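What follows is a set of notes on a single structure, which appears directly below.
Per chain, numbering begins at 1; letters A, B, ... match sequence-line order. Side-chain atoms are counted along with the backbone in the values below, which use heavy atoms only and exclude waters and symmetry mates. The model shown is predicted, which means the values in this text are computed figures rather than measured ones.
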Amino acid sequence: MPNVGVLVPLVAIFGGLIWLLVRAIRGREVERRVIFMFIFVAVATPILFPITFQEHATPVVKNLFDRIENLPSGSTILMSFDFDPAMAPEVQPMANALSRHCLAREHKIVFMCLWATGQSLLNTTLEYVIRPDFPHLVDGVDFVNVGYKAGNEGVLNVIVSDFKKMFPTDVNGVPLDGVEIFDKVGSCKDFDLILTVGGGRPGPKEWVLFVGDPADVPIGAGVAAVVAPQLYPYYPRQVIGILGGIKGAAEYESELVKTHPRFENMEKPGLRMMGPQTLAHVVILAFIVIGNIAFFRGRRGKKTE
Amino acid sequence: MRQLVPLTITFCVGTLLIVSVFIPPLGDLERTFTLWFDIIAVFAFFLGGGNLLRVHINKLRRRKTDWGFSIVTLAGFSTMLAAGLFKIGNPGDIATAVDAPGSMFYTIFDSVVVPLGSTMYSLLAFFVASASYRAFRAKNREATLLLVAAFIILLGRTPFGLMLTEWVPDSFSLLQIPNLAIWIMNSPNLAGQRAIMIGIGLGVISMSLRLILGIERSYLGGDNA
Amino acid sequence: MSFHRGRTSSLASGLTARLAIFIIVIAFLVTPTSWSQADGPDPVLAGSDSALASLAPITSLVAEDNTYDNGNALRLIWVPSIDDRLIDSKIIGYRVYRLAGAGEPRAIAELPPGSNQYLDETVLRDSVYSYYISTLSERAEFPSNRTAAISPQREWINLDRGYLFLIALAIAGAVIYYVTVAKRGKKLFVRKIAGLEAIDDAVGRATEMGRPVLFIPGIHDMDDVQTLAALTILGRVSRTIADYESKIFMPVARSLVMTAGREVIKSSYQAAGRPDAYSDDMVNYITDEQFGYVAAVDGIMVREKPATVFLLGAFFAESLILAETGNSVGAIQIAGTARPAQLPFFIAACDFTLIGEELFAASAYLSGEPRQLGSLKGQDVGKVIAMVVMTVGVIALTFAEAWKIEFMQDILDRLSIIFSTN
Amino acid sequence: MNRSTYIVVGVVVVLFLISWILKAVSLSGEDDGYILRGFLITMSAFLTLAIFSFLYRDNPFYKFAEHLFVGVSAAFWMTQGFWSTIVGNLIPRLSAGLSGFFMVPHQPSPWNISYWIPVILGILLLMRLSAKYGWLSRWPLALIVGTTAGLNFVRYLRSDFIVQVSSTFVPLLGREPHQWQGAGAFVSQLDLSATGQLAALLTNWVIFVGVFCGIVYFFFSKEHTGVFGRASRVGIWVLMITFGASFGYTVMGRISLLVGRVTFLFRDWLELIS
């Protein structure tokens, strides 16, 4: 609930903007330092007092969310962690939200990594998200972690036709032949959905080319913001949904909380990080409007003089 | 003589490097010349560093405005130089990396250069705001396009972009602001970037030729003399 | 003179005709002749532990010279084991063995299942090698036949880059052609470039106000061609400054650029007949560190309050920091860079911006010298080539996709080969 | 400096000391070098604030931070140049003895003698300091200019010309999954959905026409009038949209940088948030 600490700066920002707007209508310009102050307050306030804005999921995000939501319970989903610590602040929130959603819908997840560095980040998700949120779920029954295998696209080439050839055991050395999930899974074709979180190479593009297309499995991707535009040509046929950058993560978290109220109190890093972004963007947009009003009023003033 | 030798060197080196792309046995030349460049650049450090010292010592001696701050520069410079050249506090031997964690060099870098650098960088958050306020004004048709494109992209990055246009029916979904923002990035933006790059490619080719052929020699004070 | 439409097209068609001839010649040259083929029949099952299910070894292993190198690579190509295609195959990978001369085999690489080629870049010219590849299961390996002995060859000309050479030749030829045409005294038309027209006024303004001109040549070293462009422009600008008796100040981020910058300004002052007015203090090295440099330049801007700021060269994130600070002290700013990512910030915050190609053309334009202007016209031929090729490519692809016209597909394939990089 | 400046500086120094003490106290439980760590964190925070103060106006704190930054970073890069280029690349090729001293692997090769060339040219560069032989410093500059021109000629030809031209081959009537089925089918399915055929075609047309007109804008040797002038105008419009869009797209990244710095102040220094 917003408290006084949030309200005061918010009132200051919006009150200030309205005041500047009134001044602009009278044709007055704004000084640089005033703009700087607004930006600082807009960024600092949500850091001190987390403010989250309700994000509406855009179709690219909603599509993936609906797919996971509508798969029958007990579907098997493959999820690959294809990123490194440098990319993690942007994409790990997506990985966490996606795993939460899948497990809440009682799907079975097979976790893997194409990047060696993905292994430890995968462990973070298992340790700090899945264990506390789903204490009753059992490793090896409700989800399996098969770990990392070297070979990049080569790995994909193999698992598209035979999963156990590349991953004979899970990360703890337990043969997959004894794991119930794999009774139904021989190759990637048998997964109901594949999720890849990353943005480098190998990443979503390789998943589409080497697995999605040949095996005709739907793929959902969570990627860093800079990579997202390159992925849109594959949407919605080859990639059924894209979470791009922190905004994508925030939209997904928002949607997740809306349909699964049990996650109301979960960590929402995406939404939290969007707080300063949204406020700052709004401030900049407001200043563009104010600038134009001041410009036109100023010009008209000159004409009539 | 003073013009001829440098012009000949530029011509020979430039031609050789262009030709080497097509002649496999010369394929290593690119790496060699890059390394040579690095070595010459290190010699230039003597000039640069010497100049830095000279400027600040002069300021100090002549008690020019702000001479006190020159002491800060000189002190910082000499401390860091000593820490780096003698690897002070380095946990390993002489072969250990100069910036090994724990060394004085690393500590100063981490607590002076890093915070100062990233704070300077973060000033951009303020300057993008002041620049958009001033520059994005509908003064004429070109400026209006600049303004509209920026506005749509910025709006598409906030939740309000979708909120404002959610009512648009699916068959016109391109007009929803988030989709429009993506379309702008993928279409006109891409086209513009590409046109700029093709121009740059030609500009560099033509300038390289002017330099190699000695037509452009203003860097030697050439055609003035 | 103006550029007649008829001449444009005749020029373009002349070039395409020449290109076509070259294409044919090169196509003949590039056609593969005979490769050294490994002898011997296909698989011989290696004897191994009979208790284990044996795997078929790979077949048709061929070692060939990697073309167009300095004799430092050999290429292996093979057909993977037939067991590799089975769903539950026991293959865990392949191991490549190499024999140097008559020596012992040494494992040089392990490859994942499904591989069918390998490039060995650790060979020496004039040495003789042969190879075999083992198919690996969990517990055993099944070697293939050995290849014929082969030694890597050096090629003197990279024919793969024939088209690259031709394109380079076409554009460079056009530039050189117009340079010579202009040298012979033919007057060439060059359109106005706003940012460059403004330079004289900007320098004059600095003189009137009694404030210095600040010249920032980007933050890259002399190995960036944008820095060179900035220095060539500096040559013209500093000449104007010397004539107007204004002051110039140029802080730089690289020691080499400092040396070169001093050389340029000194020559300009000499040429203007004012060698005494020059001083080394006009150009100062600050620091190589990107934001350290920016911090110092920002300081200089607010303290010296330059009337005119030039921001020309390779800029990165600092572009907007510098341009906004310059704007805040009321300087006229002329910017230019070939970094597409930074252009928006200059456009937003500066009075004039040289966009990409204009930065490289600036010095030629300012010189007004016929040969230099000729090179600009040569560049335009490159643009005609780009526009023609693009149009043909787009039309061919459109028809090939929409109506599956094979002839159009052929044109497209050809164009794609010519305009490919390798 | 007047008296009020001294007072402000004095206050800041006192604040610095207080912050150092408080920080060291709060760190004392977990860290052995807590006095040093406390100092370093406090210093980083004050330097951060000093840079921010420039947004208000130039002041002694900014000058201090700026001058410190320049001195330390210049030495940083010079030391890096010494260790990586001279010790890492030059000495192993020129001297076995020095390689032994610096404990870097000696790399003997008959071509190594060529590495004396940059050394000699480097020394010629230093001739700049002499009035009489200063002109010799043009030789190394000439070599560098030649190298840059030669290397960039082919590099830009490939990446900025050839690649960009060939990636502009787009099908104006669409391809899978928006395969052209004839005009009738096109009109009957006409809509403006973001994933529809019209959107895909629009993208391709805009790319082709945009690149074409963009190139026209850059033409130097033809007056921009008539049809040519109109194409060049379209070119400018495309460029303007490009600039506006890229500007808007970058804002998010820039805000993140500020978030990072403010988080450092609030969390690592002031410990207001966890």
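Neither the backbone nor the side chain of D/F208 comes within less than 4.5 Å of any heavy atom in chain B. With a threshold of 4.5 angstrom between heavy atoms, D/F247 approaches chain B through side-chain atoms but not through N, CA, C or O. Both the backbone and the side chain of B/V113 come within contact range of chain D, judged by heavy atoms closer than 4.5 Å. With a 4.5 angstrom heavy-atom cutoff, D/L129 touches chain B only via side-chain atoms. For B/F37, the part sitting under 4.5 Å from any heavy atom of chain D is the side chain, from C-beta outward, and nothing else. If you measure heavy-atom distances from D/V87 to chain B, you find no contacts under 4.5 Å at all. Looking at D/F218, only its side chain comes within 4.5 Å of chain B, counting heavy atoms on both sides. At a 4.5 Å heavy-atom cutoff, the contact between B/T107 and chain D is made by side-chain atoms alone. Of the atoms belonging to D/T168, heavy atoms from both backbone and side chain fall under 4.5 Å from chain B. Residue contact with chain B, scored on non-hydrogen atoms closer than 4.5 Å, involves the backbone and the side chain of D/S114 alike. With a threshold of 4.5 angstrom between heavy atoms, B/L155 does not approach chain D through any atom at all. In this structure, no portion of D/V104 lies under 4.5 Å from any heavy atom of chain B. In this structure, chain B has a heavy atom under 4.5 Å from the side chain of D/Y62, while its backbone stays farther away. Looking at D/I236, only its side chain comes within 4.5 Å of chain B, counting heavy atoms on both sides. Both the backbone and the side chain of D/L68 come within less than 4.5 Å of a heavy atom of chain B.
Between D/R93 and B/L35, the closest side-chain pair of non-hydrogen atoms falls below 4.5 Å. Using a 4.5 Å heavy-atom threshold, the side chains of B/Y121 and D/R261 count as separate. Inter-residue side-chain proximity for D/L40 and B/D110 is flagged as unmet; no heavy-atom pair is nearer than 4.5 Å.
Summarising the geometry of B/A149 relative to D/A245, their closest heavy-atom pair is CB-N, 3.8 Å, with the distance given to 0.1 Å. Residues B/L146 and D/M240 share a closest heavy-atom pair of CD1-O, 3.3 Å.
For D/W83 (side chain) and B/G84 (main-chain N/O), a donor-acceptor pair under 3.5 Å exists by modelled atom type.
D/F52 and B/F126 have perpendicular rings, their planes meeting at more than 60° on a 0 to 90° scale where under 30° would count as parallel.
Taking the ring centroids of B/F109 and D/F76, they lie under the 6.0 Å cut-off.
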